[in-house]
Amino acid sequence: RLFSSTSSSTLTHGDAASTHGDGDGVVDVNPPRGTRDFPPEDMRLRTWLFDQFREVSRLMAFEEVDFPVLESEALFIRKAGEEITQQLYNFEDKGGRRVVLRPEITPSLARLVIKQGKSVSLPLKWFTIGQCWRYERMTRGRRREHYQWNMDIFGVPKVRAEAELLQAIVLLFQRLGITSLDVGIRVSSRKVLQAVLNMYSIPEHLFAQVCVIVDKLGKLTREEIEKELMSTGLSSEAVRGIIEVLSLKSLSKLEEVLGSGVEAVADLKKLFSFAEQYGYAEWICFDASVVRGLAYYTGIVFEAFDREGNLRAICGGGRYDRLLSTFGSEDIPACGFGFGDAVIVELLKEKGLLPDIPRQIDDIVFPLDEELEGPASSIASSLRKKGRAVDLVEDKRLKWVFKHAERINASRLILVGNSEWERGMVRVKILSTREEFEVKAGELE
Ligand SMILES: OCc1cccc(Br)n1
């Protein structure tokens with residue numbers, strides 16, 4: 001029993017098992033609870049997915065940025081009761097600083113925009129793919145980390161920005177083979193809720209808190225939602241009004257209730273007309289119940305969902321025009337989305353769209369005798385300098401090498417044997433055609 005998943009310590013590179021673990025030589029080779037390793041096969045799928053994120057970012061003319069996973073806790077202290085701020089992976093570092101493993105990326109983006117200040121010209125279109133953390137009581141056995149692709153636009157106040165973000169999401173789905181029959185994107189605006197709160201003269205400072213509660217529609221029962229809303233001091237009449245408006249699924253109905261000329265309706269109408277022009281109208285639908293769970297959204301919000309309703313939101317985002325002033329800076333209009341690496345893979349599995357990403361290398365170089373290991377190394381080296389991916393294999397039987405070549409989809413097998421080498425030659429086998437021929441070692445490329 002060398003390995004067990006029960007003890008808390010882990011095997012670190014180069015250490016003998018006996019110096020770790022709880023004394024009986026048992027080490028835990030599993031990663032910390034709620035986290036994942038990415039062995040080669042999983043890493044190839046992740047790399048493929050992230051390559052799709054990057055390619056869409058390139059098509060949309062976004063620039064890549066990056067940030068530390070570790071951030072000051074101050075960046076995430078918010079009073080609206082969001083789940084994300086109640087599950088902070090926070091701690092005090094050895095310098096007594098309050099820090100967190102970031103639960104989201106938007107505040108880091110805002111921090112960098114403020115830091116860059118006047119040295120950057122607006123609009124800014126930035127993207128990043130980064131790991132985000134939450135400390136979730138493992139009772140629910142959910143993950144504690146995931147990778148998120150974030151796309152954000154700073155300095156565009158009009159809904160053109162949201163229309164651009166929605167195109168990025170649709171392009172991504174299309175690249176993965178997902179259609180608008182599989183997935184939809186629910187779109188609404190926080191200005192809908194703002195208009196309702198105004199109708200009941202509910203004070204501004206309750207807005208974020210009410211949004212966070214209403215975002216639980218569909219997760220909590222209607223009674224639980226009503227109870228939480230009442231606990232913020234809302235009258236039962238206001239609570240009823242909110243729930244009634246948020247159950248609307250038609251823009252014209254919304255206009256009837258809120259009256260024409262309301263900003264929320266104008267924004268949404270503009271966005272839906274953009275959708276027609278971009279060609280992704282069949283992907284989006286108005287749904288007033290979409291508010292998203294982050295306190296800082298101020299306008300259009302959206303989330304992609306699987307139409308079969310088996311999964312959690314695939315991605316989501318919205319406009320956040322007043323986030324920078326919460327960090328003491330001048331506000332800059334902004335909007336963005338986060339797209340996690342987990343739900344999308346569950347969807348691809350469900351749809352039978354998971355790609356098979358096999359290993360692939362160009363050449364295997366194999367010395368047939370021990371004293372040819374030197375020549376084999378120089379052949380491998382010169383091929384690598386010419387850009388060939390080369391696996392230099394030694395101390396194996398030829399039978400194993402042929403199997404290995406198949407397993408890793410090598411294009412060529414280059415055998416270094418005495419009789420050929422004496423004539424300055426090597427034997428080349430093209431594995432796809434079984435063609436075999438001799439080549440001057442110096443002319444190999
Ligand atoms: O989307 C919420 C979230 C934040 C951090 C880590 C994980 Br897993 N999930």
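Model, not experiment: these values are computed from the prediction. All ligand and atom numbering here is 1-based and tracks the order in the structure.
- Salt bridge status for K216 with E83: absent, with no side-chain N to carboxylate O gap under 4.0 Å.
- R102 and E71 are not joined by a salt bridge, as no carboxylate oxygen comes within less than 4.0 angstrom of a charged side-chain nitrogen.
- A donor-acceptor pair under 3.5 Å links the side-chain atoms of E145 to the main chain of R36, judged by distance alone.
- For L248 against F286, the heavy-atom pair with the smallest separation is O-CE2, 3.8 Å.
- Look at E303 and R292 and you find a salt bridge, because one of the NZ, NE, NH1 or NH2 atoms lies within 4.0 Å of a carboxylate O, short of that distance.
- Between the side chains of E164 and Y278, at least one donor-acceptor pair of N or O atoms lies under 3.5 Å.
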Polar pairs, ligand 1 vs protein, N/O only, below 3.5 Å.
from, atom 1, to, atom 2, distance (Å)
ligand 1, 9 (N), R134, NH1, 3.3

